[in-house]
Structures are given as structure tokens and as C-alpha cells.
Amino acid sequence: MTVAVETAGAATNGDRVSLLRVLGPAHVWALGVGIVLVGEFTGWNFSADKGGALAALIVCWIVGLLYTSVAMIDSEVTSTVAAAGGQYAQAKHIVGPLMAFNVALFLVFAYTMLEVSDAILLGDTIVAKAGVEGLTHNSFIAATIVVLAWLNYRGVLMTLNVNFIITAIAYVSIVILFFSVTPWTQGAVLKLNELVTPGNALPYGWIGVIAAFQFGIWYYLGIEGTTQAAEEVRSPARSLPYGTMAGMITLLIAAAMTWYVCASMMPWEYLGITYYPLWDAGKLTGSPLLENLLFIATLLAALASANGCINDAARAWFSLGRDRYLPSWFSAVHPKYRTPYRSILFLLPIALAFAFIADLNQAITFSILSGVLQYTFMSINIVMFRKKWPLGSIRRGYTHPFHPLPAIVLFCLCVVTFFAIFLGFGSQLIAMVAFYFLISLWFHFYRYKFVRRGDQFTMPWPKPQGY
């Protein structure tokens, strides 16, 4: 299915320009893993501050289960509803306009704030490495966001080719560090038995494990971004499930290696507050080569994540414009580069503004909360999808197993994560929920009248069962 969208000049000359189908499974992998991998270089380790090193490991695997459910559910629905906007496109076909509008906002804010976090991390890392008195991160933040926005403006194929290369380099650096510290020999370089003892494994008890969920999300946050480019994938039914599930397996391995190395080299008190756990691990090996490799890899991971976030946020915003949830001006596709260039340019100053006024913890929390709101919807969405269109009624590119167990697991883990966020950032959680509630009222009473429900329902499916 190719859905055409109008450019600014289409209103006068009738020309229609569509997004290009140029991506394969490797690009889907690069988009998903590229967005997430920065979480191995920073973010996940704050869970150790909440509950200790063992808590960080426990949430690594439990949150891994959450995201495995996300990947399976997403692969089924998006390989069937292959349209730009990913989860937004799912919501408008399965639930309705109000849910779709909110899901798109969750996506835009999750990816924009993740992009902001990446830019802050990159700037702070360069400043820390330079060690020059008076040097600030502002110029590096601005340059990162502007250059990556330009790259996305110029074309999705070039953008994700770059992401594939820099993501692969960053991932290989983790593997190199892992094998360089002889992980099979405790006591030589790694000292896990000394650093994680029965006395300090869970310093705050099991409530600390629950609190750690908030930052444990950072191990995998963004893997669902593979669906945002669904309309630009050559074979969605094959590429989206393969790319998404391969990405999830890649991240599970990276998360386990990262925790093992870092927890075996740093006490949990320090691990929980550093912004550069893998770079610090490289320093602690005493090898200048590993130190510099992990420094470069931290920068590349931040670049890959911000690059993918710009891509995904713009697709979600573009989709809102195309379906008239927002002014259709945002739905323009560049006649030469075939990108949603107005959405990219519109979100650019918003990202810059947040990057200069928010700190890293606030940006991460904003991104995590928006993501978890979206995951909660997904657990409801798949149940409605299977009920309306049972197996055999429509053609699916992938069918996830054990339904409805993944949906139940996902919903329960989302509830736990909301509680964990409330423990650490209760006022911010309440403020964000209030914001989404007020913007929903705006959509219902003002913008909904512009929505053409029949025009946006583009899938050639039979009527839902029971209608």
C-alpha cells in the first residue's frame, strides 16, 4: 500500500508526491537499535542509584520481557497496518481518532525528548573529554540537532544508512570492551563478587527494585520506533518483524554485557550517578585505546539515537497533518527528497528549546513517561485488533504467539513502571497526565470537526466482527 500525500503545490496543480519505499530489514534494525543503544551508554545505570546493582540487573530482564512483548505486538499490527506513524496508524484503524491523536503525541514527545537527552549527553561528553575551563555544551547541542535535522531533511535512505554504520560501530565497541576484560575470569579485571555482595545487593530492598523500573526502561526505550518508517519499507510484512525482533535480540545481549562489565568494575554508589558508565569502564581498564574507543562510541550512540528520533517524531507529526488531526500544512512531502520536511523543520526549534531549558534527568523522565503511556495503549490495542479481526479474517505479515499473555504482561509491567515514576517524579507525572488530558479536550471540542474519518481508513479490510 502506498498512500499519496500532497505537497504545498498540490492544491494548484494536482500533483501528488508519496514517501519512498526504499528501506530493508537492515534499515529497520538500524532505526530501532540506533535509537535505543545510547541507553547502554547512559541512563540504565541510574536504576542502580534507585535500588543497587542487583536491582539494575533484575529490571534489565523484567523490562526486557516488557519490550519483547512490545516488539511482538508491534510486529503483528504494524506489518499489517504498514503506514507512517506506526502506533498512531494502528490506533486510528483499530480504536478511533481520540486515541490516535493521543498516541501520536506520545510518540512525538517521547522521541523529541529522547533526542534532547541525546544532544545533552553528547555535549556533556565532549565537554568532559575536553576539560577546558569555561567550555559549555550549548554549541555542541545546537550543532547536533541542526545537522541531524538537515540529514533527515535530505532523505530517509541516507539517514538510515548513516545510522546503520554508526550504530554498528557503537555496538561493536561494547563487544570489544566485554572481551577485553576477560569476562570468564573474575578477579583479574572484573570484581563482581567484591562489588555485589549479600550486604549491598539490594540496599533499599524490593521497593528499590520497583523504583529502578523507571530507568530500567532506558535499556530498550525506542525499539518500537522501527514502525515509524513502515510506509517507507519495501516489504513491510517481512522487513518489520525481522528488523524489530533482530533489534530486540541485539539489545538484550548488549544490555546483559553492559551490566556485567559495569557492575563488575564500579561500586553501585558510583555506577548509579555517573553519566558515562561504559566510558568509565573503558577508563578503568587502564587502556588508552579502550578509553578512547568508548568515548567515541558514546558520541556515536548519542548521534544514532538523536538521528532516529528526528526521523520518527517527524513521521508521527506528518501523519497527524495528513489526516487533518493537525493543519494539513504539516503533511507536505519534499518534491525532491521525498521527506516530510515541514514536520522536520517545525519540530527543530522545539527540540532546541527543550535542550536548553531541561536537564538530562527531566528529559529522560519526560521521554520514558510518554513511552510508557504508548505501551499501555498497545496492550489494549492488540486485544481489540484480535477481537475485531480474528486470525484468518485478514492477511497478517506476522502473528505473535501466546496471545493474550504478552498483552497482559505488558499492561501489568506498565502499571509497575507508572508507580516507579510516581515514586521519583510524582509531580512531573501528574503534570504530564494533566497536559495530555487538556490537549485531548482541545482535540475533541475543536480539531475533531476537521477529521475525515472515512478518508483516513485506508486498509482494505472487511468490516470488524460484530459490526
Side-chain angles (χ1 to χ4, degrees), residues 1-11 14-21 74 77-112 156 224-225 227-233 236 240 311-334 338-347 350 370 373-374 377-378 380-381 384-385 388-389 436 439-461 463-464:
M1 177 192 70
T2 300
V3 180
V5 293
E6 296 181 356
T7 63
D15 293 335
R16 298 174 74 85
V17 181
S18 63
L19 299 173
L20 285 174
R21 288 196 178 277
D74 238 4
V77 184
T78 308
S79 64
T80 310
V81 189
Q87 292 81 8
Y88 157 78
Q90 300 171 20
K92 74 176 184 180
H93 284 83
I94 299 169
V95 184
L98 182 59
M99 176 63 81
F101 176 74
N102 276 280
V103 167
L105 288 185
F106 299 158
L107 292 167
V108 171
F109 279 108
Y111 292 125
T112 300
V156 69
E224 72 283 356
T227 65
Q228 297 306 306
E231 203 167 309
E232 295 156 283
V233 174
L240 288 172
N311 179 92
D312 287 355
R315 267 69 185 170
W317 198 259
F318 155 82
S319 298
L320 285 172
R322 182 171 61 182
D323 292 328
R324 299 175 182 267
Y325 288 53
L326 291 175
S328 57
W329 184 85
F330 292 114
S331 67
V333 174
H334 197 284
R338 310 285 281 275
T339 55
Y341 68 106
R342 286 181 182 167
S343 294
I344 293 170
L345 294 176
F346 177 79
L347 293 173
I350 296 175
S370 297
L373 285 167
Q374 174 205 155
F377 146 74
M378 289 173 61
I380 300 169
N381 181 63
M384 294 183 67
F385 183 54
K388 288 183 175 182
W389 292 280
Y436 284 123
I439 204 72
S440 295
L441 292 178
W442 171 84
F443 176 78
H444 177 76
F445 289 107
Y446 174 72
R447 192 67 208 177
Y448 184 75
K449 62 187 176 185
F450 297 100
V451 175
R452 297 176 179 173
R453 180 67 172 148
D455 290 347
Q456 62 176 286
F457 193 88
T458 54
M459 299 304 300
W461 293 343
K463 285 187 177 181

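Cation-pi geometry between Arg447 and Phe450 is met: under 6.0 angstrom from the ring centre, within 45 degrees of the axis.
Atom OG1 of Thr227 is separated from atom CG of Asp74 by 4.5 Å, given to the nearest 0.5 angstrom. The line from CD of Gln374 to OH of Tyr88 is 14.5 Å long, rounded to the nearest 0.5 Å. Taking CD1 from Ile344 and CZ from Arg315, the interatomic distance works out to 5.5 Å, rounded to the nearest 0.5 Å. Within the model, atoms CZ of Arg322 and CD of Glu231 stand 4.0 Å from one another, a figure rounded to the nearest 0.5 Å. Here OG1 of Thr112 is found 10.5 Å from CG of Leu105. Values are rounded to the nearest 0.5 Å. Rounded to the nearest 0.5 Å, atoms CD1 (Ile350) and CZ (Phe109) are 7.0 Å apart.
Side-chain contact check for Asn381 versus Val95: some heavy-atom pair is nearer than 4.5 Å. Taking the side chain as every heavy atom from C-beta outward, Thr80 and His93 never approach each other to under 4.5 Å. Side-chain contact check for Phe385 versus Lys388: every heavy-atom pair is 4.5 Å or farther apart. Side-chain contact between Met378 and Val77 is absent, with no heavy-atom pair separated by less than 4.5 Å.
In this structure, Asp312 and Gln228 approach most closely via the heavy-atom pair OD1-CB, 3.1 Å. When all heavy atoms are compared, the tightest approach of Ala230 to Pro236 is O-CG, 3.9 Å. When all heavy atoms of Val451 and Arg324 are compared, the closest pair comes out as CG2-O, 4.1 Å. In plain terms, the two heavy atoms of Gly321 and Ser331 that are nearest each other are C-CB, 3.7 Å. For the residue pair Ala316 and Ala104, the shortest heavy atom distance occurs at CB-O, 4.2 Å. Pairing each heavy atom of Gln87 with each of Leu107, the nearest pair is OE1-CD2, 3.4 Å.
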Inset, instruction - Begin with the C-alpha distance, continue with both residues' side-chain angles, and end with the deciding distance and a verdict on side-chain contact (heavy atoms from CB on, under 4.5 Å) for Val333 and Phe318. - result: CA-CA 9 Å; Val333 174; Phe318 155 82; 3.8 Å; yes

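For Phe106 and Tyr436, the ring centers are positioned less than 6.0 Å apart.
Using the six-membered ring where Trp is involved, Phe330 and Trp317 have ring planes that are perpendicular, over 60° apart on the 30 and 60° scheme. Between Phe101 and Phe443, the ring-plane angle classifies as parallel under the 30° and 60° cut-offs.
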